[in-house]
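As structure tokens, the structure follows; a few thoughts come after it.
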Amino acid sequence: MSEQIHDQVSAFIDDELSAEECAFLVRRFERDPESRNKLVRYSLIGSALRGELLQPDPDMLRRRIQDALNGSPSAIKPAASAPQPRAAANARWASPAVGLGLAASVAVAALFTLKAMNETDAVGGSATPVLSTIVPADSSSSQDTRVVTPLPPIRLTNYLLHHGEYARMSRTSVHSNVVGSMEPPVVMDAVMVDDAPPPQTEPEVR
Amino acid sequence: MRSTERRLTEPGEAQKSGSGASDLALIKRVQQGDKSAFDLLVVKYQHKILKLIMRYVRDPSEAMDVAQEAFLKAYRAAPSFRGESAFYTWLYRIAINTAKNYLVAAGRRPTQFEVDLQDPEQYESFAKLRDLDTPEGLALSDEIRDAVNGAIADLPDDLRTAILLREIEGMSYEEIAQTMECPVGTVRSRIFRAREAIDKRIGALLQ
């Protein structure tokens, strides 16, 4: 049976089958890998005889096309002269975006903490805030290495409010704009912290 | 159109055969969304198309990119293929247009790199372009070529003649039958047995 099919594959390559036989065989290729592989190898033989084999790998182009049709990353061949703009772009906007995200998350966490503390005070208990303060980064370090440490709730409130006042004056951060307008000021111990350094802009790489 | 350009823009004689039913059956499957059917068309024509493109784009790496783009264009345009011309003719035109567009985009004149393969000196230069490979990269293709040539030499005369007339000369079974003075069925059988014998020799290389 397989020899008969292989004979048909051989004639198929030579375009010597009828339309019906071709349609039958093409449908068979879907479920019969052996006959499909035969077609591939017979084609390879013809290419070898005609001196058309691709160097170094005769199947290289076919694999690239397969990958491209299947959307595989390996099909994307970067040009030799093209730089890596995507990586550079990622690096450019990642740093300030991370900073904004961090600030926003701190603000949200602080708001929920304040709410929890107020509710806790009302029932006579005490709640430990998840976030309380941000220790300023080491000025000698070039990286933003902020560390979160717990603080008593009152000092957290005080920190946020004072930071909000400072931010309103300097208009430097997102979260301060949010927090500063939420609660009435309470005069307590002040905890100051520096804002994140401004993001550095890099020349666009083309 | 200059005679040289006409030679380069027409499909070669080795492609003539049959009624195109094989390609038509495959392209119909492609139009139904069968990517594996398109893969078989790639298998059949990748070497021819790349060889064609290298007449325009000399750099092998760039030619590979252009060939890939040509096939992808053909895949995307497959729904519009109506079968009014042979599939290979249609693919051939896409490949040439892709190569020319590439050269124009790169700031090169499309006619700059046309090679007159009728000129023995130019043909030798073109053939040498294919040999610009690293030693490591020559392994598989050269092994396959050597195995095929070795198997051909070991074939009985009738099998060897039949397969060479088919693969090299591009003759149809009918034409080979007339040349070898035997029935068409015998030609088909001889070609099949020749391929099977060669396949046994290269099977180990491809696993």
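Quick note on labels: first sequence line is chain A, next is B, and so on, each numbered from 1.
At a 4.5 Å heavy-atom cutoff, the contact between B/L164 and chain A is made by side-chain atoms alone. Heavy atoms of A/F12 lying under 4.5 Å from chain B belong to its backbone as well as its side chain. Contact of B/R29 with chain A is made through the side chain alone, with heavy-atom distances under 4.5 Å. Contact annotation for B/L50: only side-chain heavy atoms (C-beta onward) come within less than 4.5 Å of a heavy atom of chain A.
Note: A/L61 CG to B/I53 CD1 = 8.0 Å, rounded to the nearest 0.5 Å. One distance of note links CD of B/E167 with CD of A/E52; it measures 9.5 Å at 0.5 Å rounding. To the nearest 0.5 angstrom, B/R166 atom CZ is 11.5 Å from A/L49 atom CG. Expressed to the nearest 0.5 Å, how far CD1 of A/I45 lies from CD1 of B/I202 amounts to 4.0 Å. Note that the CG atom of A/L44 and the CZ atom of B/R195 stand 12.0 Å from one another [nearest 0.5 Å]. The SG atom of A/C22 lies 8.0 Å from the CG atom of B/L26; values are rounded to the nearest 0.5 Å.
Closest approach of A/L53 and B/S141 over heavy atoms only: CD1-O, 3.5 Å. A/A48 approaches B/V148 most closely through the heavy-atom pair CB-CG2, 3.8 Å. Across all non-hydrogen atoms, the minimal contact from A/L69 to B/K35 is O-NZ, 2.7 Å.
When A/A11, A/S10, A/S47 are compared by the number of non-hydrogen pairs under 4.5 Å with chain B, A/S10 comes out ahead. Ranked by heavy-atom pairs under 4.5 Å with chain A, the list B/I49, B/D39, B/D34, B/I198 is led by B/D39. Interface remark: of the candidates A/H6, A/E30, A/R36, A/R36 forms the most heavy-atom pairs closer than 4.5 Å to chain B.
Annotation: side chain of B/L140 is in contact with side chain of A/P58 (closest heavy-atom distance under 4.5 Å). You'll find the side chain of A/Q8 reaches within 4.5 Å of the side chain of B/R188, heavy atoms only. B/Y75 has its side chain out of reach of A/I65: every pair of non-hydrogen atoms, C-beta onward, lies at least 4.5 Å apart. No side-chain heavy atom of A/R63 sits less than 4.5 Å from a side-chain heavy atom of B/V42. Between B/V187 and A/E16 there is no side-chain heavy-atom pair separated by less than 4.5 Å.
For B/E196 and A/K38, the salt-bridge test passes: some basic side-chain N is under 4.0 Å from an acidic carboxylate O. For B/K44 and A/D15, the salt-bridge test fails: no basic side-chain N is under 4.0 Å from an acidic carboxylate O.
Around atom NZ of B/K28, no more than 12 heavy atoms belonging to other residues, nucleotides or ligands sit under 6.0 Å away. A 6.0 Å sphere centred on CD of B/Q32 holds more than 12 heavy atoms belonging to other residues, nucleotides or ligands. For CZ of B/R76, the number of neighbouring non-hydrogen atoms (other residues, nucleotides, ligands) closer than 6.0 Å is greater than 12.
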